[in-house]
Amino acid sequence: MNDCLFCKIAAGEIPSNKVYEDADVLAFRDINPQAPVHILVIPKAHAADSAAQITAGNSAVVARCFEAIAKVAEAEGLKDGFRVITNSGAAAGQTVPHLHFHILAGCDMSDRLV
Ligand code: 5GP
Ligand code: ZN
């Protein structure tokens, strides 16, 4: 999609610190980490702006992302646990309207959900 930040990162037009890539999915470190480990997982294609646009027609990209999340967690050694977040809409804090999942880890989050 034109003028989409994460489409440009997926295309390599904007550099990123990649941690995983396959034909459908890219994972890279968040530029403003909110935890010691903060990785973004995106479908390379602009399949949806957010979780609010997931349908039977495009939900396969969600499965691809979660397959990548498991691989990233293994590769990053996140044995103690990790959290996956997706923000949908302004009130949730979404700032980039290209479906993405945050992997957060490296600190104890067990006492709070948000
Ligand atoms: P959202 O707020 O939409 O759920 O998440 C967007 C995330 O993208 C934020 O955590 C923000 O720090 C990250 N971000 C914004 N611009 C860039 C960038 O140019 N590169 C990287 N690696 N992350 C970015
Ligand atoms: Zn996009």
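Both ligands and their constituent atoms are indexed starting at 1 by order of listing. Small disclaimer: the values here were computed from a predicted structure and weren't measured.
- With a 4.0 Å heavy-atom cut-off, ligand 1 is reached by the side chain of Leu5 but not by its N, CA, C or O.
- Ranked by closest heavy atom to atom 2 (O) of ligand 1, the top entry among Gly89, Ser88, Gly93, Ala90 is Gly93.
- When distances from the Zn ion (ligand 2) to the N, O or S atoms of His46 are compared, ND1 comes out shortest.
- Taking the charged nitrogens against the carboxylate oxygens, Glu76 and Arg29 do have a contact shorter than 4.0 Å, which makes a salt bridge.
- The closest heavy-atom contact to atom 11 (C) of ligand 1, among the options Ile9, Ile42, Asp30, comes from Asp30.
- For the ligand labelled ligand 1, residue Ile14 lies outside the 4.0 Å heavy-atom shell.
- Angle SG(Cys7) to the Zn ion (ligand 2) to SG(Cys4), rounded to 10°: 120°.
- Set against the non-hydrogen atoms of Phe28, the atoms of ligand 1 under 4.0 Å away are 21 (C), 22 (N).
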Exercise. Mind running salt bridge (Lys or Arg N to Asp or Glu O under 4.0 Å) on Arg64 and Asp22 for me, showing each step along the way?
Key: CA-CA 10 Å; Arg64 296 287 91 74; Asp22 63 30; over 6 Å; no
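- The distance from ligand 1 to the heavy atoms of Asn32 drops below 4.0 Å at these ligand atoms: 12 (O).
- The protein heavy atom nearest to atom 3 (O) of ligand 1 is Thr95 N, 2.7 Å.
- At a heavy-atom cutoff of 4.0 Å, ligand 1 is contacted by the side chain of His100 but not by its backbone.
- We find that Glu21 and Lys18 are joined by a salt bridge, their nearest charged nitrogen and carboxylate oxygen being less than 4.0 Å apart.
- One finds the CZ atom of Arg83 at 12.0 Å from the NE2 atom of His38 (value rounded to the nearest 0.5 Å).
- Of the protein's non-hydrogen atoms, Ile31 CG2, 3.6 Å is the one closest to atom 17 (C) of ligand 1.
- Heavy atoms of Phe6 found under 4.0 angstrom from ligand 1 belong exclusively to the side chain.
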Quiz prompt | ring pair (Phe, Tyr, Trp, His ring centres under 6.0 Å) evaluation trace for Tyr20 with Phe28 | solution = CA-CA 7 Å; Tyr20 174 82; Phe28 54 97; over 10 Å; no
Practice problem: Check the pair Ile14, Phe6 against side-chain contact (heavy atoms from CB on, under 4.5 Å), reporting the backbone distance first and the verdict last. | Solution: CA-CA 9 Å; Ile14 293 175; Phe6 286 176; over 6 Å; no
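- An N or O contact shorter than 3.5 Å is missing between Gln94 and ligand 1 by distance.
- The proximity of Leu40 to ligand 1, defined as any non-hydrogen pair under 4.0 Å, is limited to the side chain.
- Shortest distance from the Zn ion (ligand 2) to His98 is reached at ND1 (N/O/S atoms only).
- Closest to atom 22 (N) of ligand 1, if we only count protein heavy atoms, is Arg29 O, 2.9 Å.
- Leu99 has its side chain out of reach of Gln53: every pair of non-hydrogen atoms, C-beta onward, lies at least 4.5 Å apart.
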Exercise. Would you please test Lys44 and Asp24 for side-chain contact (heavy atoms from CB on, under 4.5 Å) and show each step?
Key: CA-CA 6 Å; Lys44 288 182 172 177; Asp24 302 317; over 6 Å; no
Exercise. Decide side-chain contact (heavy atoms from CB on, under 4.5 Å) for Asp49 and His98; before the verdict, give the C-alpha distance in whole Å, the side-chain angles of both, and the deciding distance to 0.1 Å.
Key: CA-CA 4 Å; Asp49 288 355; His98 176 129; over 6 Å; no
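- When hydrophobic clusters are built by joining Ile, Leu, Val, Met, Phe, Trp and Tyr residues whose side-chain heavy atoms come closer than 4.5 Å, directly or via intermediates, Val62 is grouped together with Val41.
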